[in-house]
Amino acid sequence: QVQLVESGGGLVQAGGSLRLSCAASGGSFSSLNIGWFRQAPGKEREFVAATKWTGYTAHADSVKGRFTISRDNPENTAYLQMNSLKSEDTAVYYCAATSALFSTSYRLYEYWGQGTQVTVSS
């Protein structure tokens, strides 16, 4: 059973930066696909970025050029570097993992963290 713990959220002004961390335990991190998703009040959970166990990465169009996903396998940790934050980035951010196919759909991820709140003030 994989456990995920996010950290690094908070309140930031528009244009600022945050780095989210996702610490994993209980599984073989290097063989997992890791995704970041977010959910704003009243909206469906949406894909932000994902990294395949091979190191391949994908980012949503809405965050390309501003957010970067990365992973440190020896540290069992994934990161989401968020720059040039906008008010529309305000949401709860979730880290998720899957040992199955690499996907940008939250429905295919079986392990989830508790989420961390990111609030961007304009």
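Numbers here simply count residues along the sequence, with the first being 1.
- The main-chain N or O of Gly115 is found under 3.5 Å from a side-chain atom of Glu6 such that the two form a donor-acceptor pair.
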For this session: Take Arg66 and Lys86 through the test side-chain contact (heavy atoms from CB on, under 4.5 Å) and record every step on the way to the result.
Result: CA-CA 10 Å; Arg66 300 189 299 123; Lys86 306 175 181 179; 3.7 Å; yes
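- Note on Val92: it clusters hydrophobically with Tyr106, by side-chain heavy-atom contacts below 4.5 Å among ILVMFWY residues.
- Taking 4.5 Å as the limit, every side-chain heavy atom of Leu108 sits out of range of all side-chain heavy atoms of Thr98.
- The pair Glu44-Arg107 meets the salt-bridge criterion, since a charged nitrogen lies less than 4.0 angstrom from a carboxylate oxygen.
- Minimum heavy-atom separation, Gly9 to Val118: CA-CG2, 4.2 Å.
- In this structure, Phe37 and Trp112 have tilted ring planes: the angle between them lies in the 30° to 60° band.
- Contact between Ser87 and Ser122 at its shortest, heavy atoms only, is CB-CB, 4.3 Å.
- At least one donor-acceptor pair under 3.5 Å links the side chain of Tyr109 to the backbone N or O of Ser103.
- Once rounded to the nearest 0.5 Å, the distance linking OH of Tyr111 with CG of Leu32 reads 7.5 Å.
- Taking CZ from Arg19 and OG from Ser70, the interatomic distance works out to 7.0 Å, rounded to the nearest 0.5 Å.
- Contact record, Gly8 with Leu18: O-CD2, 3.8 Å, taken as the closest heavy-atom pair.
- Between atom CG of residue Asn73 and atom OG of residue Ser30 there is a gap of 5.5 Å, rounded to the nearest 0.5 Å.
- Paired with Val48 under the rule side-chain contact (heavy atoms from CB on, under 4.5 Å), one option of Leu80, Asp89, Ile69, Leu20 passes, and it is Leu80.
- Heavy-atom minimum distance, Gln117 versus Ala91: NE2-O, 3.4 Å.
- Side-chain atoms of Thr90 come within 3.5 Å of backbone N or O of Val120 as a donor-acceptor pair.
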For this session: Given side-chain contact (heavy atoms from CB on, under 4.5 Å), test Phe47 with Ser105 step by step and report yes or no.
Result: CA-CA 7 Å; Phe47 168 73; Ser105 171; over 6 Å; no
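- Placement of Val12 and Met82 within a single hydrophobic cluster is found when ILVMFWY residues are connected by side-chain heavy-atom separations under 4.5 Å, directly or transitively.
- In this structure, Tyr79 OH and Ser21 OG are separated by 5.5 Å, a value rounded to the nearest 0.5 Å.
- A donor and an acceptor atom, one from each side chain of Ser62 and Glu46, are nowhere located under 3.5 Å apart.
- Nearest heavy-atom pair, Ala100 versus Asn33, reported as atom, atom and distance to 0.1 Å: O-ND2, 2.9 Å.
- Note that the CD atom of Gln3 and the OG atom of Ser25 stand 4.5 Å from one another [nearest 0.5 Å].
- For Arg38 and Tyr94, the positive end is not near the middle of the six-membered ring at less than 6.0 Å and at most 45° from its axis.
- Side chains of Ser121 and Gln13: a donor-acceptor N/O pair is absent below 3.5 angstrom, by distance only.
- Pairing each heavy atom of Ala24 with each of Leu4, the nearest pair is CB-CD2, 3.6 Å.
- Interatomic distance, Arg71 CZ to Phe29 CZ, rounded to the nearest 0.5 Å: 4.5 Å.
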